[in-house]
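Single-structure report; data block below.
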Amino acid sequence: MHSLTLLGPVIYRHIDRLHYLGPLACPVCGTQKIAFHSFRQRLVEHPAIEQPPYLVLKVPKYACANAACERKYFTPSVAEAAPSAHTSRLLQQMSSQLYRHGKLALRDIEAQLRSLLHTGTGKHPQAGTRVLRWHQASLPQDYPHPERLPFSSVLCIDEVYDQVAGKRLPLFCCVDPVANITIRIPIEQADAETLAAAMQQVRALGANPKVIVSDLWAAYPEALHQVWPRARRQLCWFHVMQWVTRKLAQLLKEYGQTLPEEQRKELTRLRFLLLATPEKQERLTERQRAALAKAWELIRGSVAEEAIQLRNDLRAVLNTSADGWEARHTFNRLRQTWPERFHPWTFRLGEPLPEAPSSEPATGLRAYLEEIMAFFVRHFERMITYLDHPGVPRTSNHAERANRRYRQVSRSRYGWKTKHGQRAMLVALQGFDSS
């Protein structure tokens, strides 16, 4: 039976018939031999749109008939409100969901509830901390630990750093772009052994990928060899070209030191047009095209011009190849124009290039150019894995976007005070407990 009482701007909803959670039994000894004792009234806050509401609960009190039980009287748990709580379960659930979305901090949740639903999270001065407690207490029920997950044959992995208890700690992120599964695992340090232990947790959930897309982090090769030795690796094309662009920027800076001061300043001002990709250069305005032509004149006939042209040729190899065979054939023809020591394929992938007997290592500005050549010769097979496996992305953008969302969540909280709090949010964001 329900009834309403209006007292000023506040509505009191009287609820006499409650919904019990489980059978009526003593919570200590479990006996169902109980006797009704009396009724007690509880007043709890509740959300509503029109005006501030309260629930008035008429909760029965029972006496335990077991003489050996330490608990003489008890009040059964009801679905409307938790024991000894001053807020309804619905209000607690709504507060937890707002927090788990990741866009609001604790103080913002309190303010939003008061402005939209005419209620808060309690009368305590630090009422926002109650939201955190409700969030953490309901994790096992809302996000259980799965035995296995339906992984596909592709994984995108990445890392992000976070502030936990005042320390900067890494976080391993693993995304399945096909099955839409995201797993974030905090690790203590950025080394291969710790990273392999995190990958073992992902493997225990059923991940057995054929292709793994990653960036150029030095800890990945050894860790992947320990956990998934038969999986092929696809180097993220964005991170590869980012590495090449940094080398070109260093080369342009060193080359600018050899020019007169006026030309050096001009090259410094226009260097971003030269470093832009050919696709972006095609979308330049008339004024920018004229500036780009002037920049080409400044590096005409130099190693810098040769290096930028090499970057454009390497991009064309992967952007225009339809399959792995075409990419290897085109790259092999391009390689024949390089110094002789880059011609053979007799070395193993990842090992240093063999030195030709008659050649000497490049020095000066040409060292930047040959460093780019050596990098592509060593890792070219890892850059074209996606051409041999349809459906595999050539970048780790799925993991990057997942990390970007997590940074937004962490930034609004200025990091985490404890590892327990960080783990609770990670579980809520991924939708299951992977710890």
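- Of the possible donor and acceptor atoms, one in the side chain of Arg184 sits under 3.5 Å from a partner among the backbone N and O of Ala402.
- Of the possible donor and acceptor atoms, none in the side chain of His239 sits under 3.5 Å from a partner among the backbone N and O of Leu235.
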So Leu171 and Tyr161, side-chain contact (heavy atoms from CB on, under 4.5 Å) or not? Walk me through it. CA-CA 6 Å; Leu171 184 73; Tyr161 284 83; over 6 Å; no
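- Under a 3.5 Å cut-off, the side chain of Arg271 and the backbone N or O of Leu267 do not form any donor-acceptor pair.
- The aromatic rings of Tyr62 and Phe36 sit perpendicular, their planes meeting at an angle over 60°, well past the 30° parallel limit.
- Between His37 and Tyr73, the ring center distance clears the sub-6.0 Å criterion.
- Counting only distance, with no hydrogens or angles, the side chain of Asp176 and the backbone of Ser152 share a donor-acceptor pair below 3.5 Å.
- Residues Gln234 and Arg382 have side chains not in contact (no heavy-atom distance under 4.5 Å, counting atoms from C-beta outward).
- Of the possible polar contacts, none joining the Glu147 side chain to the Leu205 backbone as a donor-acceptor pair under 3.5 Å is found.
- Put simply, the side chain of Ile181 does not reach to within 4.5 Å of the side chain of Val175, judged on heavy atoms.
- Atom NZ of Lys247 is surrounded by more than 12 heavy atoms from other residues, nucleotides or ligands within 6.0 Å.
- Residue Arg232 forms a side-chain contact (heavy atoms from CB on, under 4.5 Å) with just one option from Asp388, Leu224, Ile212, and that option is Asp388.
- Aromatic rings of Trp325 and His329 (six-membered ring for Trp) have centroids within the 6.0 Å cut-off, being under it.
- His86 contributes no side-chain N or O that, together with a main-chain N or O of Val44, makes up a donor-acceptor pair within less than 3.5 Å.
- The main-chain N or O of Thr75 is never found under 3.5 Å from a side-chain atom of Arg40 such that the two would form a donor-acceptor pair.
- With hydrogens and angles ignored, the 3.5 Å screen pairs no side-chain donor or acceptor of Glu254 with any backbone N or O of Gln250.
- By the 4.5 Å heavy-atom criterion applied to side chains, Ile372 and Phe376 are counted as neighbours.
- Between Arg42 and Glu80 there is no salt bridge, since no side-chain nitrogen of the basic residue lies less than 4.0 Å from a carboxylate oxygen of the acidic one.
- At distances below 3.5 Å, not a single donor-acceptor pair connects side-chain atoms of Asn397 with backbone N or O atoms of Glu400.
- Ring geometry for Phe380 versus Phe331: interplanar angle under 30°, hence parallel rather than tilted (30 to 60°).
- More than 12 non-hydrogen atoms from other residues, nucleotides or ligands lie less than 6.0 angstrom from OH of Tyr20.
- Rounding to the nearest 0.5 Å places CD1 of Ile157 at 6.5 Å from CG of Leu195.
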For a side-chain contact (heavy atoms from CB on, under 4.5 Å) check, start with the C-alpha distance between Thr194 and Phe172, then their side-chain angles and the critical distance, and finish with the verdict. CA-CA 10 Å; Thr194 309; Phe172 173 63; over 6 Å; no
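- Less than 6.0 angstrom separates the ring centroid of Tyr99 from the ring centroid of His135.
- Look at Lys103 and Asp108 and you find no salt bridge, because none of the NZ, NE, NH1 or NH2 atoms lies under 4.0 Å from a carboxylate O.
- More than 12 heavy atoms of other shown residues, nucleotides or ligands fall within 6.0 angstrom of atom CD in Gln257.
- Distance check: Cys173 SG to Glu159 CD gives 9.5 Å after rounding to the nearest 0.5 Å.
- Annotation for Arg13: atom CZ does not count as buried by contact number, only 12 or fewer foreign heavy atoms lying within 6.0 Å.
- At least one donor-acceptor pair under 3.5 Å links the side chain of Asn319 to the backbone N or O of Arg315.
- Using a 4.5 Å cut-off on side-chain heavy atoms (C-beta onward), Tyr406 and Asp162 make contact.
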For side-chain contact (heavy atoms from CB on, under 4.5 Å), just list the numbers for Leu155 and Trp228, CA-CA rounded to whole Å, side-chain angles, deciding distance to a tenth of an Å, and then say yes or no. CA-CA 11 Å; Leu155 283 182; Trp228 294 297; 4.0 Å; yes
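- Atom CD of Glu279 has more than 12 neighbouring heavy atoms from other residues, nucleotides or ligands inside a 6.0 Å radius.
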